[in-house]
S.K.: 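Below is one structure. I have some questions about it.
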Amino acid sequence: MDLRIDGNIAQTFGPENAAEYFSRLLRVNAGSLQPVGSQEWPNAFFITGLAAQNAPPPSVHINGQPAWLLDYAIRQVGTVVPQRIWSAQNPYDAQRYGIVPLNMPIFFVHKYRVNVGLPQPTAAGGDCSMLLGADAVAPIGDCSTMFIRINWPGYRDWHTQIMTRDQTSARSTITFDKFVKRVASAVGRFFDEFQGVQGQFPNWQVGTGGITKEQVTLIGIIHVSQGSWQPILQLDHYVMPRSINP
């Protein structure tokens, strides 16, 4: 497996943009990355020697070294939705946000570490108990809100805001299962808003007669800029042709 071809992030952003993202995330030349695997985590790509400022505790130890989950190989069940990586349009904001350290990508891994992803209706309905670390604090850093952004092929950039703290007096970060539910609900709002709206590419049409939220699985989510995250979305079928530069 090749991280730059078979990974969900490369399939989402395209190989070149994924390489730029990895360079910014890890503060290294993406060409020098040497991801490793683990028998306990089939189809996962790990990175060792992580220098990212916002690095969480390591996911696993491989050959005695701490290792962090960087990506998962795509499941051979359908097309991963290609998206442009979001960046601020204002040059000042783009420069300011561009230097903000990024959190590691988050994958919705099942407890036995073999499967990854939840169907949108399942996650939005709150049935997330099968996820690894479902009851743990969501690994999203110190934030109270975030923007969920979707750059669906042929449609305008879309975003919505979700809350990431609970309603207790401590205002604690929500648990991982609640976080996944809120992300899934946000994805559902995207489909509801664009139901019946004609897109630029007929093969990526959203809504009745096109792609519906019932056909979408949430694989994970990527921190792309200050306060902004993009979900990794995979369909239950293949779209042809598939444009990686929507």
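These figures come from a predicted structure and were not determined experimentally.
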S.K.: Heavy-atom distance under 4.5 Å between the side chains of Val81 and Gln11, does that happen here?
M.R.: no
S.K.: Over 60° means perpendicular and under 30° means parallel, so classify the ring planes of Phe190 and Phe194, tilted if in between.
M.R.: tilted
S.K.: Do Gln120 and Glu214 have side-chain N/O donor and acceptor atoms under 3.5 Å apart?
M.R.: no
S.K.: Under a single-linkage definition using a 4.5 Å side-chain heavy-atom cutoff for Ile, Leu, Val, Met, Phe, Trp and Tyr, are Val36 and Val28 assigned to the same hydrophobic cluster?
M.R.: yes
S.K.: Which side-chain N or O atoms in residues 38-45 pair as donor and acceptor under 3.5 Å with protein atoms at least two apart or in another chain?
M.R.:
| from | atom 1 | to | atom 2 | distance (Å) |
| --- | --- | --- | --- | --- |
| Ser38 | OG | Glu40 | N | 3.2 |
| Ser38 | OG | Glu40 | OE1 | 2.9 |

S.K.: How about Phe147 and Trp158: are their ring centroids closer than 6.0 Å?
M.R.: no
S.K.: If you count the non-hydrogen atoms of other residues, nucleotides and ligands that lie under 6.0 Å from NZ in Lys213, is the total more than 12?
M.R.: yes
S.K.: Will you find, in the side chains of Gln161 and Thr145, an N or O donor that is under 3.5 Å from an N or O acceptor?
M.R.: yes
S.K.: With a 4.0 Å cut-off on N to O distance, would you call Glu16 and Arg4 a salt bridge?
M.R.: no
S.K.: Could you tell me whether Asn63 atom CG has more than 12 heavy atoms of other residues or ligands within 6.0 Å of it?
M.R.: no
S.K.: Applying a strict under-4.5 Å side-chain criterion to I, L, V, M, F, W and Y, I'd like to know whether Tyr112 and Val109 cluster together.
M.R.: no
S.K.: So, Arg165 versus Ser144: side-chain donor-acceptor pair below 3.5 Å or not?
M.R.: no
S.K.: Atom NE2 of His223 and atom CG of Leu25: how far apart are they, to the nearest 0.5 Å?
M.R.: 10.0 Å
S.K.: So, are Asp127 and Lys181 salt-bridged, with charged N and O less than 4.0 Å apart?
M.R.: no
S.K.: Does the side chain of Gln195 come under 3.5 Å of the side chain of Thr208 through a donor N or O and an acceptor N or O?
M.R.: yes
S.K.: Would you name the heavy atoms of Thr212 and Gly207 that are closest together and state the gap between them?
M.R.: CG2-O, 3.8 Å
S.K.: So do the side chains of Ile232 and Phe108 get within less than 4.5 Å of each other, counting heavy atoms only?
M.R.: no
S.K.: List the residues meeting side-chain contact (heavy atoms from CB on, under 4.5 Å) with Val77, not counting sequence neighbours, and say none if there are none.
M.R.: Arg75, Gln234
